[in-house]
Amino acid sequence: MKLFVIAAVLAVAVAAPSSYKPAYKPPTYSAPAYSKPAYSAPAYPAPAYSAPAYKDNKYADITITSQSDERNLDGSSQWSYAGSDYTTREESQVQKKMQGVKYDSYGKATYEEVMGNTNKGSSYWVSPEGEKFTLTWVADDAGFQPKGDHLPVAPVHIYELPVAPVHEYVLPVAPVHEYELPVAPVHIPFNGKGYKIY
């Protein structure tokens, strides 16, 4: 009987905490109220730039008298313009397959056929001193090649390469040795009595 009472008390004691719920409520905090800082915007003085004083500009009235621009689906194009000061410029380009360096996604370079532009054009202008200039150029896989009477011409140097001296070598001749071959001795048999046996 005592065992039954102890077991019943234990069962009640173990089951009691599961139905117990504390009446705890976490505290609530309100956000702190800060006063908004009052900064005044800095007062910068306006810059005092004087208006540029242009002198007599004789190019102030230059206008474009003609202009063209043509773009084609095959990648070729051509454009030109002319000014009222007699300045002109025209240029054209076409797509061309050429040998060049191509890089893959790993940075490895290969020398193969690539697409590139080839350009050619010309410009004409008059200097303030009244000198007339014409410049023509071609730019392709051989590089930029300008031509014009006003461009300096690099001096042509003719270099003579030194001629190496000709050495005549006499090869040594191995000495000739004449050897005398030894002669084998000739044995003449005797019969023991002093007579040769033939």
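Quick note: numbers below take in every heavy atom, side chains included, and nothing from hydrogens, waters or symmetry partners. Numbers here are sequence positions counted from 1.
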Engineer: List the residues meeting salt bridge (Lys or Arg N to Asp or Glu O under 4.0 Å) with D104, not counting sequence neighbours, and say none if there are none.
Structural biologist: none
Engineer: Which residues pass the side chain to side chain donor-acceptor pair (under 3.5 Å) test with S30, not counting sequence neighbours?
Structural biologist: none
Engineer: If hydrophobic clusters are built by linking Ile, Leu, Val, Met, Phe, Trp and Tyr wherever their side-chain heavy atoms come under 4.5 Å apart, do L135 and F133 end up in the same one?
Structural biologist: yes
Engineer: With sequence neighbours excluded, tell me which residues meet side chain to side chain contact (heavy atoms under 4.5 Å, CB included) with T110.
Structural biologist: K102, E112
Engineer: Does Y111 sit in a hydrophobic cluster with other residues, and if so which ones, taking ILVMFWY side chains as linked at heavy-atom separations under 4.5 Å, directly or through other members?
Structural biologist: V101, Y103
Engineer: Could you tell me which residues satisfy side chain to side chain donor-acceptor pair (under 3.5 Å) with S77, sequence neighbours excluded, listed by chain and number?
Structural biologist: Q93
Engineer: Could you note down all residue pairs passing salt bridge (Lys or Arg N to Asp or Glu O under 4.0 Å) where residues 157-181 supplies at least one of them, sequence neighbours left out?
Structural biologist: none
Engineer: Could you pull out all residues at least two apart from Q67 that satisfy side chain to side chain contact (heavy atoms under 4.5 Å, CB included)?
Structural biologist: I64, Y81
Engineer: Keeping to residues at least two apart or across chains, list the side-chain hydrogen bond (donor to acceptor under 3.5 Å, both in side chains) pairs with something in residues 141-152.
Structural biologist: D140-Q145
Engineer: Name all residues meeting the side chain to side chain contact (heavy atoms under 4.5 Å, CB included) criterion together with E91; count only those two or more places apart in sequence or in a different chain, and write none if there are none.
Structural biologist: W79, R89, N119, W137
Engineer: Under the side chain to side chain donor-acceptor pair (under 3.5 Å) test, which residues partner T87, sequence neighbours left out?
Structural biologist: D85
Engineer: I'd like to check the side chain to side chain donor-acceptor pair (under 3.5 Å) partners of T136; sequence neighbours left out, ordered by chain and number.
Structural biologist: none
Engineer: Holding to side chain to side chain contact (heavy atoms under 4.5 Å, CB included), I want the full list of residues that pass it with L171, two or more places apart in sequence or in another chain.
Structural biologist: none
